[in-house]
Amino acid sequence: MMNERVGLLTQAAAPTTAESALAARLGLPLVLPAELQPGNPEFYLCIDVDGLSLHCQEQNGMRGVTVNFDNHTLDRRAKDALRQQNLIKAIGLKKHVIPRVLDCTAGLGSDAFLLARAGCEVTLLERNAIVHALLEDGMQRAVHGSPQTGEAVSRMRLLFADFANYAANLDSFDVVYLDPMYPLRHKSAKSKKSMYLLQRLLDEADEDEEVLTLALQRASSRVVIKRAKQSPNYGNRQPDISFKGSSSRFDVYLAC
Ligand SMILES: C[S@@+](CC[C@H](N)C(=O)[O-])C[C@H]1O[C@@H](n2cnc3c(N)ncnc32)[C@H](O)[C@@H]1O
């Protein structure tokens, strides 16, 4: 199916094999730089030496979003008392307890990567084809990155699937993790440009109580849901434990 909001930018009238293959797989029109018009397409993907990137024409001054696990911010987060971080505490990781995690809302994979850096085997589900392609590309390049990054990514397994439809095909995991999209905030209030671009692309806020019920059926230990600090409880269900940070919190629902 053709995605009308996204194109794939090619530099020459004869696209590369990689460009043609990706355009065909994602159902995207190939666009030459001279054919870009304001807002048409709204977004474009681009393949270059740095990998696959997503650009928003309205944010022309902004660099594109690429999944790069070998970056300073993630590396600092991974080294900086990783086990003291709320995400890691919320999943219940301890010295001799390394949970197997299902990340139902993979996005650009940062949270899953930190879990993998902490030693967890992580299965990631992403339902949006563009986001899935960005993440898949980042994971493939990470194999050639630093040894710690490559080792962590080898513990990550990515699937293109919607958790709500795919849950019945999955085994049980120790922990099921959900990070639903927050409602779109104005650019000036954005915490991270990559998440802002994702919010614009997906233009959705996920809140489905059924998903929490499904998640609890797949978790043998707990379900962890990331929320914005001030957000109401997911599906109005009171968590058993909550780990609060400066801008977000991790709500824990114990499986019984
Ligand atoms: C807020 S982002 C997740 C960010 C991620 N935790 C990270 O560290 O980059 C939410 C992502 O979950 C995906 N998503 C939402 N509901 C989903 C579902 N039911 N199944 C699979 N993916 C889903 C969206 O397409 C989006 O890419």
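First listed ligand is number 1; within each ligand, the first listed atom is number 1. One-based numbering along the sequence shown. What you see is a predicted model, and the numbers here were worked out from it, not measured in a lab.
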Worksheet item: Purely on distance, is any nitrogen or oxygen of Y177 under 3.5 Å from one on ligand 1?
Response: no
Worksheet item: Does some side-chain heavy atom of R117 sit less than 4.5 Å from a side-chain heavy atom of Q148?
Response: yes
Item to complete: Specify whether F160 and H132 have parallel, tilted or perpendicular ring planes, treating 30° as the upper limit for parallel and 60° as the lower limit for perpendicular.
Response: tilted
Worksheet item: Counting heavy atoms only, which part of V131 comes closer than 4.0 Å to ligand 1: side chain, backbone, both or neither?
Response: side chain
Worksheet item: Do the side chains of L198 and N128 get nearer than 4.5 Å, heavy atoms only?
Response: no
Worksheet item: Can you tell which of L115, L108, T105, D111 gets a heavy atom nearest to atom 9 (O) of ligand 1?
Response: L108
Worksheet item: How does A161 reach ligand 1, if at all, at less than 4.0 Å between non-hydrogen atoms: by side chain, backbone, both, or neither?
Response: backbone
Discussion item. Out of all atoms in ligand 1, which are within 4.0 Å of some heavy atom of G109? Include the element for each.
Written reply: 7 (C), 9 (O)
Item to complete: Among R141, R25, R157, find the residue that satisfies the salt bridge (charged side-chain N to carboxylate O under 4.0 Å, His left out) test when tested with E136.
Response: R25
Worksheet entry | Ligand-side contact atoms (ligand 1) for residue partner F163, heavy atom cut-off under 4.0 Å | 18 (C), 19 (N), 20 (N), 21 (C)
Fill in: Short side-chain to backbone donor-acceptor contact, R249 and A228, under 3.5 Å
yes
Worksheet item: Going by the atom numbers of ligand 1, which of them fall below 4.0 Å from some non-hydrogen atom of S110?
Response: 7 (C), 8 (O), 9 (O)
Worksheet item: Under 3.5 Å, N or O to N or O, is D179 touching ligand 1 that way?
Response: yes
Worksheet item: So how far is it from R76 CZ to T73 OG1, rounded to the nearest 0.5 Å?
Response: 5.5 Å
Fill in: Side chain, backbone, both or neither: the part of E126 lying under 4.0 Å from ligand 1 by heavy atom
both
Item to complete: Give yes or no for whether the N/O distance cutoff of 3.5 Å, strictly under, is met between C104 and ligand 1.
Response: yes
Worksheet item: Is L202 touching ligand 1 with its side chain, its backbone, both, or neither, if touching means heavy atoms under 4.0 Å apart?
Response: side chain
Worksheet item: Relative to the heavy atoms of L125, which atoms of ligand 1 are at a distance of less than 4.0 Å?
Response: 21 (C), 22 (N)
Worksheet entry | Side chain to side chain, P41 and V6, heavy atoms closer than 4.5 Å | no
Practice prompt. For the residue pair D111 and Y177, confirm or rule out a side-chain donor-acceptor distance under 3.5 Å.
Written response: yes
Worksheet item: Can D137 and I47 be said to form a side chain to side chain contact (heavy atoms under 4.5 Å, CB included), step by step?
Response: CA-CA 10 Å; D137 174 72; I47 303 175; over 6 Å; no
Worksheet item: Would you call S194 a ligand 1 contact, heavy-atom distance under 4.0 Å?
Response: no
